[in-house]
Every structure is written in structure tokens, then in C-alpha cells.
Amino acid sequence: MAEERHEVKWEDKSCSLEGGSTFLDVKKAFGWKNDVLMVGEGDDARELRARVTGSCTVVPLTFDDERARWALRHTAAHILAQAVKRLRPDAKLAIGPAIEDGFYYDFDVKTPFTPEDLEKIEAEMKKIVSENSPVVREEVDREKARELFREQGELYKVELVEELPEGEPISLYRQGEFVDLCAGPHVASTGMVKAFKLLSVAGAYWRGDERLPMLQRIYGTAFMKAEDLQAHLDRLEEIKKRDHRRLAKDLDLFSIQEEGGPGLVYWHAKGALIRELIEDFWREEHRKRGYDIVYSPHIAKLDLWKTSGHWNWYKESMYSPMAVEEVEYLLKPMNCPFHILMFKNATRSYRDLPIRMGELGTVYRFERSGVLHGALRVRGFTQDDAHLFCTPEQLEEEIIGVLELTQYMLKVFGYSEYYCMLSVRDPEDKGKYAGDDDIWEMGEAALASALKRKNLEYKIDPGEAKFYGPAIDIKIKDALGRLWQGPTIQADFNLPERFDISYIGEDGAKHRPVMIHRTVLGSMERFVAGLVEHYAGAFPLWLSPTQVQVIPVSEKQADYATKVSERLKEKGFRVVSDLGSEKMGYKIRQAQMQKVPYMLVVGGREAENGTVSVRHRALGDLGSFALDEFMDKAAHEASTKALEPAMK
RNA sequence: GCCAGCGUAGCUCAGUGGUAGAGCAGCGGUUUCGUAAACCGCAGGCCAUGGGUUCGAAUCCCUUCGCUGGCUCCA
């Protein structure tokens with residue numbers, strides 16, 4: 001055994017190592033630098049301390065590799081736990097994984113952590129990093145692991161050990177005096193975690209279950225290089241700057257009023273204008289695609305919600321009933337029952353189908369106070385809702401139509417990347433859903449087939465289906481690379497049953513139509529809030545509340561400025577003419593901060609020649625233009641809903 | 001709902017037991033100016049709310065409301 005040697009190849013180099021060597025030896029043999037965190041062998045990523053088990057071909061894995069990155073952050077989580085144990089020996093460890101962009105660790109502590117604690121913990125972590133302890137994996141049997149953690153009083157760990165599946169190796173990772181139950185992988189030593197920062201503390205239930213104890217979670221992030229950490233922190237700053245709550249205030253778009261109640265949005269003039277423009281576009285696009293646009297009431301009898309099943313399935317998200325002349329009414333959390341009633345209002349022929357009924361319908365849902373978030377998560381919102389009634393044969397075509405509309409609208413708003421999820425039933429818990437198996441299978445197949453025909457890649461997401469049917473959920477990526485819940489398309493074989501709706505077929509007999517619920521923008525509140533962040537408040541020209549601001553150089557040009565703004569208004573531009581006594585530079589600054597797309601500076605030269613000096617909020621001074629030329633270009637930019645300025 | 005933090009002028013924030021402050025915005029003047037902040041002055045606050053401790057509370061303690069970050073959930 002001792003004589004056994006392994007040939008290890010990397011690119012055109014190779015080395016021969018004796019049996020028992022680890023990938024650390026491989027790293028040394030090839031002269032890899034310290035930024036190598038793991039080693040790739042085939043499809044596997046191996047820890048540096050793992051043994052080389054045979055001759056192989058390898059590649060070095062640095063922080064750029066997702067697995068190496070996660071290992072580094074996972075080790076950072078262990079360092080965090082080690083530091084906490086040093087400072088708070090009574091802390092009980094729960095779990096501490098790497099996550100997207102960082103890591104966290106959950107602790108059960110008698111007194112919660114304060115922001116000052118975080119600083120101390122971070123300082124202790126730095127010490128642990130400088131100790132550069134090797135991070136060593138050890139496999140143990142279940143009994144030994146249980147014994148070890150029981151002795152240390154780590155009851156959450158004992159619980160985890162007990163639940164590990166039979167036959168799976170149980171591994172511990174040690175670094176210095178610290179030991180943790182962990183599947184790994186990790187980097188080779190604490191010293192490799194060079195750039196990290198603790199970011200926040202938050203409560204988190206053990207196993208995410210609110211009946212279980214509340215733990216204290218510390219979030220942090222780690223990188224290879226200080227610059228990368230700084231870049232990440234800068235990005236967090238940028239996200240803060242773009243926060244729709246901040247920008248909605250600065251740009252006077254909308255607000256939430258404490259006196260009015262939480263989760264209820266007040267659309268100020270400028271925000272309302274943006275919304276109106278989006279809604280006009282929405283209506284136009286829907287009419288083009290054969291939708292009927294309707295309005296329905298805000299309340300309806302409780303019985304209607306019993307028929308629809310919402311009273312059963314959705315009760316805890318609905319506002320309490322109100323009695324009107326001794327009949328109980330409910331504020332609507334959804335529009336679907338109303339559209340069904342409208343469908344039912346006449347005898348429908350197969351010739352009428354598909355019927356596409358759209359509504360910008362305002363609904364109210366009771367959300368727990370802790371989940372409200374600006375305009376993104378509210379209690380009253382307007383959905384761009386629609387219900388499509390069709391024959392089973394038409395289902396797939398209709399879904400394709402919705403997918404096409406979705407793709408078009410997302411493109412117009414500048415969302416070029418999105419991911420499709422096919423939300424299907426949780427196979428473990430079929431009782432949670434309404435309807436028979438074969439109905440569900442048919443729906444899932446139609447959705448999947450439509451996605452395939454549109455060449456949209458998708459992931460299957462078990463357990464994410466609505467109670468009444470499977471769905472396509474689309475996540476959209478914004479300018480900062482964040483994912484948002486976007487369009488959703490849901491097949492429904494349940495409500496048509498419940499309301500016993502039908503159409504008369506070619507055969508003269510009654511048939512059950514199929515229903516699709518769908519929303520493209522989601523809700524106006526969420527969509528506009530998302531757009532604010534996506535555009536960082538700088539809306540494209542067609543959506544900007546003020547499109548052009550006319551700025552006279554001095555009082556002498558007030559008349560000319562007024563004339564220019566009148567001409568712009570005649571052409572349909574939204575114009576502000578700033579005749580105040582401040583200096584031009586001040587006015588420009590105000591317009592820049594309000595993110596007005598075009599500023600027209602007019603001084604003596606312009607007044608004389610009938611021109612305007614054009615300044616764009618992002619491009620700066622563009623020089624002199626004849627007013628007509630500016631108007632033509634800007635009008636084109638607005639009417640084409642261009643995302644980029646036309647005057648480049 | 002739960003855990004933690006926060007709530008001072010329209011906005012952004014100082015003030016940590018001893019008479020409520022600044023900048024910006026607003027208002028009144030002066031200034032008429034060439035591409036991101038002219039100057040002078042004035043006004044503006046039940047320090048979220050209700051209670052308590054104290055000779056004295058923006059400050060310390062408790063209640064309620066709201067917000068923030070999470071847990072959980074979702075358009």
C-alpha cells in the first residue's frame with residue numbers, strides 16, 4: 001500500500017505522488033497559488049485535505065467556481081460559530097450553511113446579539129483566521145457523534161445526528177478547539193478566509209417552524225479578496241440607493257400612510273401617472289390580443305367565496321366578513337369568481353371560446369404585519385388579472401398566447417432575462433389540492449408542452465402549485481441581477497366544476513370549459529416598485545412623469561422658454577418650465593435629481609436662432625438642436641417606448 | 001404573528017438626565033447668471049403614542065402604533 005503511487009495530471013503537466021497524499025500535495029506539486037480552494041476531479045470538487053485515491057486528472061478550483069465559493073463561505077460560517085462559542089460559551093449551535101452571496105449561522109442564546117456583539121464577534125473571527133487552524137474532516141459513527149454533541153450540550157446537533165439517514169457517513173469538521181457536525185466541504189484552513197464581514201442579526205425559527213424556538217441568526221459574507229468584498233458591499237449600497245421606498249419618496253411617486261393603515265398604497269400624482277401609462281399600454285396590448293376588458297365589484301357575498309372554495313382554502317388571507325343587511329360580505333382577495341359569474345351570465349357556445357376576460361382588479365389580502373415591505377408586499381393591490389375560458393383542446397394554444405404576451409411585455413420594460421418554473425403538486429401531500437389526479441396530470445402536461453413549444457427552458461418546482469391547479473411561474477431578473485416574482489399562468493380545472501360552468505359544443509351538448517388564471521405584471525404596486533429599482537428611478541422617456549424641463553439661462557429668456565414649452569405641450573410632451581430666480585446650475589441639479597430625461601437650456605443664442613440646447617440626464621450636454629428636430633427625435637423615442645435615449 | 005433594531009421639522013440626520021439643533025426643502029428679500037447647489041433673513045417640532053421612574057425625561061422603564069432586517073408567506 002505504501003508503495004502505491006498516483007499519477008496526477010493537470011493540463012500538460014503531471015506529477016507522481018505516493019499513496020496517502022492529499023490534494024494539498026497536488027497543489028504544492030503543481031505550484032498552485034493560495035487562491036486555489038478546492039480541486040476539480042471529473043465532475044467532483046474535492047477538498048484540499050481529501051486524499052488522492054487514484055490516478056486522476058485535476059483542475060484547480062478558485063473562488064470563481066461555485067463549489068469552491070460555497071466551501072469558503074461555509075468555512076466562514078464555522079469560524080463565526082467558533083468565535084461565538086468563545087465569546088458566549090452557553091450558545092447552542094443550530095445550523096450554519098453557505099447561501100447565495102454569503103453565509104449564516106443560527107444560535108440559541110439567552111440574550112440576543114446586539115450590533116456591538118457583531119463587532120466583537122467579527123474581531124474574534126479575525127483572530128481565528130490569523131490562527132490559521134487546519135480544518136480537518138473526521139468520519140464517525142452515529143453513536144460517537146451523538147455522544148460528542150450530547151456531552152457538549154449541543155442538543156440541536158444531537159437532533160440533527162439522529163435524523164441523518166441510515167448508512168450515510170457522519171462527518172465532523174474540526175478547527176482548533178471547535179468541532180461541528182457538517183457534511184462539508186470546507187477549505188483547508190481558517191487562514192484561507194481572508195475577506196469577510198458580518199452583516200446583520202435576525203430572528204429565525206429552528207427549522208423555519210414558528211412552533212419551534214426562535215434562534216438568533218447572524219448573516220455574513222466572505223470573499224477571497226478585500227476588493228471583492230468591498231465591491232459586494234458597494235453593490236449593497238447601490239441596492240439601497242435604488243430602494244423603491246427611498247426613490248418613491250425622493251421622486252414623489254407613492255407613499256404608505258401610517259394613519260391610513262399598513263400595506264395600503266397612496267399613489268401620488270407622478271406615480272399615478274406612471275401607473276396610468278402602464279395601464280393604458282396594458283389595455284391596448286390586451287385588446288390587440290383578443291381580450292375583453294371588464295370591471296367587477298370589490299365585495300361579494302360570503303356564499304360566493306364558499307362556492308369558489310376560497311373560504312375554505314384561503315380564509316386566513318382574507319379580511320373578515322362584514323354584515324350588510326344581515327348578509328355577510330367579503331372584500332375580494334381575487335377576481336376569479338366575478339369573471340366566472342360574468343361567463344355564466346349567458347349561454348356560451350363553443351364558437352364564443354376562447355373568452356379572454358381581463359381586469360385591472362384591485363384586491364385585498366390580509367398579510368401578517370411582519371411580511372409587509374414597501375409597495376412590494378402590501379395588503380391592497382391591483383392585479384393585471386385575466387381569466388381565459390377555453391375548450392380543453394384550446395388550452396395549450398391559449399397558454400402559448402399568454403407566454404407570447406408575457407415575453408413581449410417584459411421586453412418592452414427592459415427585462416431581458418427570466419426563468420420559468422413549472423409549479424406542480426407536492427407529490428407527498430396530494431390532499432392539499434383540489435381536484436382529481438387525472439385532471440392535474442392533464443394540466444401539468446399542457447403547461448409543459450406550451451413551454452417546450454416556445455423553447456422556454458424551465459425547472460419543475462414540486463409543491464409550488466396553487467391549490468386549484470398547476471402553474472407556470474416566471475422569475476424576472478432586474479438590472480442588479482436580482483430575481484423577482486413575475487408573470488404567473490395557472491391552469492384551473494377546479495373552479496369550472498365548482499361553479500358548474502359550461503358551453504354548448506358542436507354536438508349540441510354541454511361541456512365543461514377549462515380556465516386559465518394569469519397575470520403578466522403581477523400587481524401594479526409590485527410592478528411599479530420593481531421598475532423603480534430596475535431603472536434606478538430614471539424611467540424611460542415614455543414613462544417619465546416629466547419628460548422635458550425647459551431651463552432659461554436668465555430671466556431675459558423667460559418668454560422664449562414659455563414659447564418653447566408651449567410648443568412641446570402642443571406636441572403632447574409632459575413639460576415643466578422652470579422660471580424661478582435660481583441660477584441655471586441649480587435648476588439643472590434639481591432636474592437631474594428628479595431624473596428628468598431631457599433638459600432644454602435656452603439662453604440668448606437659442607432665443608435668437610429658435611434653437612434649444614439639449615441636455616440628457618445621463619448623457620449630459622448634447623449641444624444645440626432646432627426645436628423641431630429635438631421634438632421629432634424625442635417623440636420617436638417616446639412612441640417606440642425606447643429604453644435608451646434617441647439623441648446619442 | 002414571532003425575534004431584534006429604529007421612530008426628533010416636509011426630507012436627511014445631530015442631540016443619551018438639566019431651556020429642542022443643523023443642512024436641504026418652504027416663505028420674504030437681494031441677485032439675472034451658459035450645463036449638478038448664489039447671498040441675506042424668516043418661519044417651522046406635544047421629540048410616534050399612552051403611562052411610569054425622577055426635583056427634572058427626546059434621553060431611563062413599560063404599553064400601543066408604525067417602520068426596518070429576518071423567520072414564514074406571496075401578486
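Chain A is the first sequence line, chain B the second, and so forth, proteins listed ahead of strands; every chain is numbered from 1.
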> What integer distance in Å separates A:Trp484:CH2 from B:rC73:C1'?
Replying inline: 17 Å

>> Tell me whether A:Asp90 is salt-bridged to A:Arg88, with the criterion being a basic N under 4.0 Å from an acidic carboxylate O.
In response: no

>> Ring-plane angle category for A:Tyr105 and A:Phe107, please: parallel below 30°, perpendicular beyond 60°, tilted otherwise.
In response: parallel

>> Could you tell me how far apart A:Asp384 (CG) and B:rA75 (C1') are, to the nearest whole angstrom?
In response: 9 Å

>> Could you tell me the Watson-Crick or G-U partner of B:rA22, where both distances fall under 3.5 Å? Say none if there is no partner.
In response: B:rU12

>> Within the 4.0 Å heavy-atom criterion, would you say A:Glu525 contacts the bases, only the backbone, or no part of the nucleic acid?
In response: nothing

>> Side chain of A:Arg368 only, heavy atoms from C-beta on: which candidate in B:rG1, B:rC74, B:rA36 is closest?
In response: B:rG1

> Roughly how many Å is it from CZ in A:Arg377 to P in B:rC67, rounded to a whole number?
Replying inline: 14 Å

> What distance, rounded to whole Å, do you find between the two C1' atoms, one in B:rC13 and one in B:rG45?
Replying inline: 15 Å

> Where the side chain of A:Ser369 is defined as all heavy atoms beyond and including C-beta, which of B:rG34, B:rA37, B:rG1 is the nearest nucleotide?
Replying inline: B:rG1

> With respect to the side chain of A:Arg589, which nucleotide from B:rU12, B:rA36, B:rA75 is positioned closest?
Replying inline: B:rA36

> Should A:Met421 and A:Glu464 count as side-chain neighbours, where that means a heavy-atom distance under 4.5 Å?
Replying inline: no

> Given atom CG of A:Leu264 and atom C1' of B:rC65, what is their separation to the nearest angstrom?
Replying inline: 15 Å

>> Please classify the nucleic acid contact of A:Gly370 as base, sugar-phosphate, or nothing, using heavy-atom distances under 4.0 Å.
In response: base

> Of all heavy-atom pairs between A:Ser296 and A:His339, which one has the smallest distance, and what is that distance?
Replying inline: OG-NE2, 4.4 Å

> At what distance, to the nearest 0.5 angstrom, does OG1 of A:Thr562 lie from CG of A:Leu579?
Replying inline: 5.0 Å

> Think A:Lys249 has a side-chain N or O under 4.0 angstrom from the OP1 or OP2 of B:rU12?
Replying inline: yes

> With both distances under 3.5 angstrom, what nucleotide forms a Watson-Crick or G-U wobble pair with B:rU53?
Replying inline: none

> When all nucleic acid strands are considered with a 4.0 Å heavy-atom cut-off, which category describes A:Gly374: base, sugar-phosphate, or nothing?
Replying inline: sugar-phosphate

> Does A:Arg379 put a side-chain nitrogen or oxygen below 4.0 Å from OP1 or OP2 of B:rA75?
Replying inline: no

> What's the CD-C1' distance between A:Glu258 and B:rG10, to the nearest Å?
Replying inline: 16 Å

> So, A:Glu533 and A:Lys241, do they make that salt bridge, N to O below 4.0 Å?
Replying inline: no

> Distance from A:Asp385 atom CG to A:Leu360 atom CG, nearest 0.5 Å?
Replying inline: 9.0 Å

> Are OP1 or OP2 of B:rA36 and a side-chain N or O of A:Arg617 less than 4.0 angstrom apart?
Replying inline: no

>> Quick check for you: among B:rG34, B:rC3, B:rA36, whose closest atom lies nearest to any side-chain atom of A:Glu606?
In response: B:rG34

> Who does B:rC71 pair with, Watson-Crick or G-U, both distances under 3.5 Å?
Replying inline: B:rG1

> If you pin A:Gly604 and A:Gly208 to their nearest nucleotides in RNA chain B, which one's is more 5'?
Replying inline: A:Gly604

> How many Å lie between CD1 on A:Ile218 and P on B:rC3, as a whole number?
Replying inline: 18 Å

>> From the set B:rC74, B:rC67, B:rU12, return the single nucleotide nearest to any side-chain atom of A:Pro262.
In response: B:rC67

>> Does either side chain, that of A:Asp461 or that of A:Ser423, offer a donor lying less than 3.5 Å from an acceptor on the other one?
In response: no

> From B:rG34, B:rC2, B:rG69, pick the nucleotide closest to the side chain of A:Ser200?
Replying inline: B:rG69

> Looking across every strand, which nucleic acid part, if any, lies under 4.0 Å from A:Val378 by heavy atom: base, sugar-phosphate, or nothing?
Replying inline: base

>> Does A:Gln383 reach a base, just sugar-phosphate, or nothing at all? Heavy atoms under 4.0 Å.
In response: sugar-phosphate

>> For A:Tyr319 and A:Tyr364, take the angle between the two ring planes, folded into 0 to 90°, and tell me which bin it lands in: parallel under 30, tilted 30 to 60, perpendicular over 60.
In response: perpendicular

> Taking atom C1' in both B:rU8 and B:rG23, what distance in whole Å separates the two?
Replying inline: 15 Å

>> Could you tell me how far apart A:Asp108 (CG) and B:rA4 (C1') are, to the nearest whole angstrom?
In response: 15 Å

> Counting only Watson-Crick or G-U wobble pairs whose two distances fall under 3.5 Å, which nucleotide matches B:rU30?
Replying inline: B:rA38

>> Between A:Ser523 and A:Gly620, which residue's closest nucleotide on RNA chain B lies nearer the 5′ terminus?
In response: A:Gly620

> Can A:Tyr219 be said to stack with the base of B:rG70, given centres closer than 5.5 angstrom and planes under 30 degrees apart?
Replying inline: no

> Which one is paired to B:rU59, where only Watson-Crick or G-U wobble pairs with both distances under 3.5 angstrom count?
Replying inline: none

> Using atom C1' of each nucleotide, how far apart are B:rC65 and B:rA48 to the nearest Å?
Replying inline: 8 Å

>> Any base atoms under 4.0 Å from A:Ala202, or only sugar-phosphate, or nothing? Heavy atoms, all strands.
In response: base

>> Categorize A:Gly603 for me: base, sugar-phosphate, or nothing, with a 4.0 angstrom heavy-atom threshold over every strand shown.
In response: base

>> Let's see if you can work this out: which of B:rG34, B:rU68, B:rC74 has an atom nearest to the side-chain heavy atoms of A:Arg245?
In response: B:rU68

> The side chain of A:Met214 lies closest to which of these nucleotides: B:rA36, B:rC2, B:rC71?
Replying inline: B:rC2

>> Looking at B:rG1, I'd like to know if its phosphate oxygens (OP1 or OP2) sit under 4.0 Å from a side-chain N or O belonging to A:Arg211.
In response: no

> Who is the Watson-Crick or G-U wobble partner of B:rC6, with both distances under 3.5 Å?
Replying inline: B:rG66

>> With no hydrogens and no angle check, just 3.5 Å: does a side-chain donor-acceptor pair link A:Ser554 and A:Gln557?
In response: yes

>> Measure CZ/A:Arg217 against C1'/B:rA4 and give the value in whole Å, please.
In response: 14 Å

>> Tell me whether the side-chain N/O atoms of A:His373 come closer than 4.0 Å to OP1 or OP2 in B:rC74.
In response: no

> Where the side chain of A:Pro112 is concerned, which of B:rC3, B:rG34, B:rC73 is the nearest nucleotide?
Replying inline: B:rC3

>> Across nucleotides 22-32 of chain B, 5' to 3', mark each nucleotide with B, S or - according to how protein heavy atoms within less than 4.0 Å reach it.
In response: ---S----BBB

>> Classify the ring geometry of A:Phe254 against A:His244: parallel below 30°, tilted from 30° to 60°, perpendicular beyond 60°.
In response: tilted

> When you compare B:rA14 with B:rG7, how far apart are their C1' atoms, in angstrom units rounded to a whole number?
Replying inline: 15 Å

